[in-house]
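Here the structure is laid out as structure tokens; the discussion comes afterwards.
Starting from 1, each residue takes its place in the sequence as its number. This one's a predicted model, so the numbers in the text were calculated from it and none came from an experiment.
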Amino acid sequence: MDGNGDRPRLQKRKAAEDGDAKQSKAAASRLESCLDLPMDSSSVHEVISYIPSVLPAKHYDSDTTEPISCGLQTLDELRSWKLSEANPFNVAVAPLAPREPPLGHCPCRTLVSHDMMGGYLDDRLLFSSILFVQGTSAEAPYAFYHWQYIDIFNYFTHNLVTIPPAVWTNAAHKHGVPVIGTFITEWTDGATVCEDFLKDEESYRAVADKLVQISLYYGFDGWLINIENALSEVALKNTPLFLRYLTDQMHERIPTSLVMWYDSVIEDGQLKWQNELNESNRMFFDACDGFFTNYNWTEQNLDWMRGYSGVQGRQADVFIGVDVFARGKVVGGMFETNKALEIIRKHNFSAAIFAPGWVYETQDDKTKFRQNQDKFWALLSDYLYIHRPVSTLPFISSFCQGFGKTVYWRGQHETKRSWFNLTAQEVQPLYYHLDIEGQGWLRTRGCPDDAWNGGCSLLLDGLISVSATSPVCAKIFSLHAPLPSKSLVSLIYKPSAGIIVSLELKTTDASLGADMDITSMSPEVLDEGHHLVNQFSRLCGIMHPDGWTVSCSQLELPGCALRELCVKIQRKGELQDTPFSCRVGEIMLLDAASLQAPAELVQGFCIYDVVWLRGAGTSPQSSSPSLRLNATLRWHYPTELVRHFKVYWRQLRGPDPQIPLGQLVLVGRAYSNLFRVTELAVPEPPGLLELVVEPVIRMGFLVPESHWGRRSLSYAEDLTQ
């Protein structure tokens with residue numbers, strides 16, 4: 001699928017150790033017992049043992065026990081896949097959000113196929129075939145955040161079965177973008193696989209059933225089927241039947257799912273890329289949801305296809321492949337990919353953009369990644385369609401892109417290190433550079449140098465020209481959000497000198513569902529003494545803005561829907577060219593009736609799969625290497641309420657003078673009800689510590705400590721050894 005077929009094969013991960021299945025069942029049994037513990041049960045007690053970890057090697061890093069995501073390498077792995085042995089850490093927690101227009105109403109769609117240095121990158125080992133699903137430290141990682149432009153996201157590798165990492169699925173789903181994995185067979189080995197699973201109905205149905213189960217369990221939305229090897233007569237006959245069965249089963253289990261076919265094999269079984277949909281490959285298109293052409297097409301191919309009967313009524317389901325690396329004889333590519341999009345849209349076809357990670361892979365200075373990424377998508381923007389998220393309140397974003405130089409919380413450094421975790425990505429704004437005739441210019445971009453929450457803020461910079469007669473208005477979000485009778489809007493920002501910052505909202509009648517009779521309004525900022533502001537402040541607790549301005553406005557627009565959310569920049573002072581910058585930290589749109597503290601408690605908190613290690617460095621109490629705790633934490637709490645969870649630990653008993661008794665120490669952030677503590681240095685045994693989980697509510701309201709989850713852990717050496 002990578003165009004020339006010369007991309008080096010990924011090295012196979014070592015086969016899972018014998019006994020993985022038995023160990024997974026044992027872990028499940030321990031979890032079941034743990035979940036039965038009441039909240040006030042006695043502490044978990046551990047006798048320290050330094051035996052090698054028995055956690056499945058395919059789901060946990062062998063050195064640190066950190067959860068990982070990787071694909072399936074062989075047909076036997078796929079056939080033997082079981083729910084009881086699946087990886088719970090790689091389950092997507094974000095449901096597929098609604099958007100406008102929905103996929104089925106888009107006349108020309110855009111698919112992105114993410115093929116990045118072999119896939120499953122962990123951003124510490126750039127050519128690794130695994131991905132660390134809880135995130136990792138990364139100075140300058142690759143990420144995607146232009147979701148409003150695309151319709152489908154495909155995670156591609158050269159594994160037989162590519163299971164999209166949950167961090168990518170979560171980020172896509174928040175923006176209403178379905179995610180599809182990849183099933184690929186290639187060359188001689190691939191032909192052997194196909195002869196095996198396509199030999200009869202029972203065999204191809206068994207494989208399809210496993211693909212459906214995998215998609216359903218991990219929470220993604222379908223498959224790209226890529227058969228890049230010749231097929232025998234029997235295998236060829238069964239391939240459309242396999243496709244149709246897989247498509248039907250996916251639709252039955254996941255109504256919004258998609259199964260797509262890549263342009264490769266033709267009707268006589270030869271591997272012969274056509275670069276178009278025609279009678280030689282139509283049999284595969286007719287059996288599934290979409291067709292992804294090879295990359296070496298010309299405009300003549302597209303012109304011919306427009307009149308081809310096999311396309312009629314399904315032109316939006318034909319995705320014209322565009323290789324951003326521009327390998328072979330292709331149109332456009334690299335920073336001229338827009339040339340390919342222009343021709344594709346001219347002929348009213350959908351587009352499949354392959355390997356846009358080119359903007360990262362080929363650029364030596366990785367610190368300019370955001371600049372290169374924004375440039376690439378800005379060049380394509382004239383040929384892409386902006387999708388609006390459909391949101392009921394609350395609508396919240398602090399613009400985090402899922403990575404940064406440090407982790408911020410309420411404008412303060414929470415963790416001072418570079419990081420990467422796409423599950424932390426929040427709903428993204430519109431990024432663009434706009435020259436405003438007679439008014440000046442405006443640019444919007446993500447900036448990691450300062451933030452309110454997460455890893456970056458939205459930086460608005462530009463110029464209000466001396467001739468400008470009106471403020472500069474930056475469109476931040478295009479959305480569809482029906483409004484309640486009374487709403488509260490919170491805007492947090494840092495302005496440069498000489499400007500006035502305010503909100504401008506564009507609304508319409510909620511029943512119309514389209515941009516008809518748009519009304520613009522600028523809500524008045526409420527005084528600090530207003531009862532809504534007081535109520536909001538009590539719920540959020542004390543904040544230390546450190547240069548940030550926190551403003552609240554009230555809306556009373558029942559029956560209306562918000563269509564655009566804009567920030568207005570106005571000159572203050574004498575008439576002159578006025579350069580400006582405004583860092584937007586967070587925007588929240590809340591139902592005023594929802595301003596109340598959450599009543600939910602963290603429940604069922606348990607600790608299991610404990611592994612003890614001796615790590616680098618020495619313990620303060622001895623000259624031996626420090627003792628490291630590794631353990632899985634699980635609890636129950638409504639995840640739709642939270643932005644994330646903070647996981648802490650504290651020492652309850654021990655001689656370590658560096659950690660005062662009772663002081664909570666942050667371990668990390670969790671984005672689901674599951675977290676793996678890894679390499680946590682703890683005092684020498686015997687010891688007693690407490691692990692604590694704090695829900696961080698999306699609306700910023702503080703959760704009383706009495707509602708947090710807590711479990712104590714005592715540990716001692718095995719005196720019998």
Side-chain angles (χ1 to χ4, degrees), residues 94-110 145-153 170-179 221 255-256 316 377 381 384-400 425-432 444 458 473-491 503-523 553-568 584 586-594 640-641 643 698-699:
L96 182 62
R99 65 182 345 201
E100 185 186 89
L103 182 63
H105 290 78
C106 298
C108 293
R109 303 162 190 169
T110 304
Y145 48 83
H146 289 85
W147 299 103
Q148 72 272 15
Y149 286 139
I150 76 168
D151 298 275
I152 304 166
F153 182 81
N170 287 329
H173 278 186
K174 290 176 186 178
H175 297 84
V177 176
V179 176
D221 310 287
T256 56
W377 289 97
S381 61
L384 303 173
Y385 305 96
I386 293 176
H387 298 275
R388 301 174 186 266
V390 176
S391 176
T392 55
L393 301 195
F395 177 81
I396 300 165
S397 182
S398 59
F399 315 105
C400 179
Q425 189 178 100
E426 299 195 6
V427 176
Q428 291 297 289
L430 302 172
Y431 298 108
Y432 55 89
T444 70
L458 176 65
C473 191
K475 185 197 297 187
I476 305 303
F477 289 107
S478 180
L479 70 163
H480 180 80
L483 298 173
S485 58
K486 186 181 292 186
S487 310
L488 180 70
V489 186
S490 169
L491 173 66
L503 284 173
E504 180 168 296
L505 309 178
K506 297 186 179 181
T507 64
T508 188
D509 187 324
S511 63
L512 298 178
D515 290 334
M516 300 176 64
D517 299 324
I518 293 291
T519 301
S520 296
M521 59 92 65
S522 295
S553 304
Q554 179 180 298
L555 302 178
E556 295 189 57
L557 298 170
C560 291
L562 182 62
R563 300 295 285 179
E564 291 182 8
L565 202 159
C566 310
V567 173
K568 192 163 58 176
V584 185
E586 185 172 77
I587 290 177
M588 291 202 293
L589 185 63
L590 311 177
D591 184 345
S594 70
E640 67 274 11
L641 298 180
R643 178 173 262 148
R698 292 182 63 218
M699 294 188 288

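- Proximity of L555 to V489: side-chain heavy atoms (C-beta onward) are separated by under 4.5 Å at one or more points.
- Judged as a side chain to side chain contact (heavy atoms under 4.5 Å, CB included), and not counting sequence neighbours, the contacts of S520 are E504, K506.
- In this structure, H175 has no side-chain hydrogen bond (donor to acceptor under 3.5 Å, both in side chains) partners at least two apart in sequence or on a different chain.
- Residues forming a side chain to side chain contact (heavy atoms under 4.5 Å, CB included) with R698 (at least two apart in sequence, or on another chain): P394, I396, R643.
- Annotation for S553 and P523: closest pair CB-CB, 3.7 Å, computed over non-hydrogen atoms.
- Residues forming a side chain to side chain contact (heavy atoms under 4.5 Å, CB included) with T444 (at least two apart in sequence, or on another chain): Y431, Y432, L458, L460.
- The shortest non-hydrogen separation linking P389 to S478 is CD-O, 3.2 Å.
- When the side-chain hydrogen bond (donor to acceptor under 3.5 Å, both in side chains) test is applied to K174, no partner is found at least two apart in sequence or on another chain.
- Within the 3.5 Å criterion, the main-chain N or O of L562 finds no donor-acceptor partner in the side chain of E564.
- Closest approach of Q425 to A171, counting heavy atoms only: OE1-CB, 3.8 Å.
- Between R563 and R388 the shortest heavy-atom distance is O-NH1, 2.8 Å.
- In this view, E556 and K486, Q554 satisfy the side chain to side chain contact (heavy atoms under 4.5 Å, CB included) rule, not counting sequence neighbours.
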